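Below is one structure, written out as structure tokens; comments come after it.
Side-chain atoms are counted along with the backbone in the values below, which use heavy atoms only and exclude waters and symmetry mates. Given the structure is predicted, the values throughout are model-derived calculations rather than measurements. Every chain is numbered from 1, with letters handed out A, B, ... down the list of sequences.
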Amino acid sequence: MRCELTRREFLKTTGIIIVGLTIPEIPSFIKESIAQEPPKVITNFFETPVGKARTLLIRKRQIGQYRDDEIMRIKYSIVASHQNPTIQRFYKEFAKHPLSEVSEAILHTHYKKRG
Amino acid sequence: MIGKVERVRTFKGGPEFKVSEDEGTYRAGELRGIIKINKDVCVGCDTCRSVCPAGAILGGPGEKHSIEYNKCVNCGQCLLNCPYNAIEQMSFVDLVIEKLKDKNTKVVGIIAPAVRIALAEEFGAEPGTITVGSLWAALEKAGFLIYENNFAADQTILEEGTELIARIAAKAGLKKLPVFLWGKEFEIEIEEFKDKPLPQFTSCCPAWVRYAEIFYPEIIPHISSCKSPQQMAGPTAKTYGAKYIWHVDPKKVFTVGIMPCTAKIFEASRPEFDSAGRFIKIAGIRDVDAVLTTRDLAELFRRLGINPLEIPEEKTRVPKDFKWYSGGATIFGTSGGVMEAAVRFAFHVLSGLEPDAMSPIWDFEPVRGYIYPVVTATIQVPLRPEYKKALGTDKLAIKLCNVNGIGPNGGHIKNILEAVKAGKSPYHFIEVMACPGGCLNGGGQPKHALEL
């Protein structure tokens with residue numbers, strides 16, 4: 001019978017073993033193969049094990065998000081921001097127009113170098 | 001594979017987590033340590049380190065991990081992806097419940113776009129299930145007034161879209177920008193915009209903003225001066241909202257961001273975000289008083305015995321006041337959405353055209369991030385006669401780039417930022433979301449068991 005360890009169990013076991021063992025000298029042929037093939041760093045999240053595991057969840061939520069766009073367009077004919085009736089009211093009664101003095105005071109900010 | 005929804009451990013937030021003076025990458029008053037690795041649970045599996053955009057996780061395989069807070073951008077990807085559920089989040093649920101019980105306080109719930117397509121998972125529904133009307137009703141039952149963060153997303157687009165046009169026009173030599181909106185013409189002075197460089201970066205994502213401030217301060221002038229929707233919502237609620245919509249004393253308004261995001265908890269604590277108080281000249285009031293994650297909101301509902309899925313969605317979805325929002329606003333929750341919403345608005349302003357809401361002209365598909373690390377597109381926008389004359393061209397080719405997650409240790413974004421630093425970036429507008437997929441995969445969203 002094949003012994004199957006999940007990644008979780010494997011890590012738990014190895015975690016314990018690492019504490020108790022000194023690592024033996026690595027044979028030269030293994031050293032060479034390591035030198036030839038440096039571990040591949042995946043820079044694209046979606047190609048990592050975590051990214052692959054999450055793809056379906058991300059996709060399902062994306063479908064929900066675009067479905068909500070469709071609802072606003074079908075039911076209320078509001079596709080773009082300036083068509084929002086309360087936006088029109090907010091600018092008429094209060095902020096006047098984008099990049100106005102009121103906008104600058106409450107809707108804009110600045111950033112700061114850290115460290 | 002993604003498994004069932006897990007409960008994330010939380011610890012109670014409070015002023016004791018605020019740094020008292022500027023220290024490392026924190027400024028006085030900011031919250032430090034929003035995400036914490038529980039050493040008793042961590043097995044050193046290294047998953048958190050593999051997803052961290054900022055290289056902020058200490059400890060290698062087999063070692064207990066910890067977070068280097070001076071590098072941490074609070075995105076919460078480590079927490080969301082920990083296979084052992086060993087990472088904890090600072091929570092303000094107790095404080096918000098206390099405020100809801102106080103008859104003298106008007107608690108305003110600011111609901112982010114990505115909350116509505118994920119909250120239902122906490123109550124057993126499929127990912128992507130939409131709760132809008134039922135979420136409003138559930139929040140009202142709990143005692144909240146509603147301020148759709150999607151309304152604030154529309155505010156963001158009006159400001160950020162106009163800012164983008166102003167930067168492009170100023171670069172073309174214009175000193176004044178006529179803007180045609182709602183059948184009227186506004187003239188905006190844009191001389192100051194000649195010093196604001198292109199490309200313009202989005203500023204909605206607080207983890208991205210902190211990332212830029214720590215690792216790429218040179219590009220700060222490129223970041224839109226617009227606050228994020230949450231930070232527009234707070235002061236608008238306490239100024240315009242208090243006076244024109246709710247007719248209440250602004251001192252009694254307590255604003256709560258309800259976010260798919262842990263970095264929003266940090267953002268609300270940035271010292272400059274007391275603009276409502278400065279505007280109405282009342283000292284000591286904050287723009288956003290507390291932030292709950294999607295998970296925190298589910299916990300709040302459970303404690304109050306409310307299940308939003310038991311409330312019918314259709315008949316409760318009746319927009320009014322701050323519940324109005326556009327299709328463009330709601331896609332802020334997904335990578336490419338901020339950009340598409342901005343392009344929809346800019347397309348209307350620049351061309352003067354306004355096709356039917358269902359027209360595919362409004363679907364700027366090529367900028368959607370889906371599951372690509374970086375997407376780029378050029379959009380040809382026909383110009384209205386006034387701009388044709390002013391800019392000396394019939395069409396404007398707007399070059400766009402969408403960075404779908406900063407990527408493992410900056411993997412998606414490094415080349416883009418290096419090109420901007422070198423003055424060689426070809427784009428007009430770049431969207432960045434720290435989390436891959438956008439806010440819908442944010443660090444505050446329901447956590448599913450992860451089997452790797």
Please confirm whether the backbone N or O of B/Y370 pairs with a side-chain atom of A/Q62, one donor and one acceptor, at under 3.5 Å? yes

Side chain from CB out, backbone as N, CA, C, O: work out which of these in B/A212 comes under 4.5 Å of a heavy atom of chain A, or both, or neither. neither

Of the backbone (N, CA, C, O) and the side chain (C-beta and beyond), which part of B/E189 lies under 4.5 Å from a heavy atom of chain A, both, or neither? neither

Residues B/E272 and A/H110: side-chain donor-acceptor under 3.5 angstrom: no

Taking C-beta and beyond as the side chain, do B/F193 and A/L99 meet within less than 4.5 Å on heavy atoms? yes

For a quick test of reading the model, state the closest non-hydrogen atom pair linking B/S50 to A/V50 and the distance between them. OG-CG2, 4.4 Å

Heavy-atom distance under 4.5 Å to chain A: side chain of B/N409, backbone, both or neither? neither

Can a cation-pi geometry be assigned to A/R89 and B/Y244, taking NZ or CZ under 6.0 Å from the six-membered ring centre and within 45° of the ring axis? no

Could you go through the salt bridge (charged side-chain N to carboxylate O under 4.0 Å, His left out) check for B/D22 and A/K112 one step at a time? CA-CA 12 Å; B/D22 292 7; A/K112 205 166 180 319; 5.6 Å; no

Report, as yes or no, whether the 6.0 Å neighbourhood of atom NZ on B/K64 holds more than 12 heavy atoms from other residues, nucleotides or ligands. yes

Can you tell me if A/R73 uses its side chain to pair, donor with acceptor, with the backbone of B/S359 under 3.5 Å? yes

Answer yes or no: is there a donor N or O on one side and an acceptor on the other, between the side chain of B/Y26 and the main chain of A/R114, under 3.5 Å? no

Can a donor-acceptor pair be found between the side chains of A/E93 and B/Y240 at a distance below 3.5 Å? yes

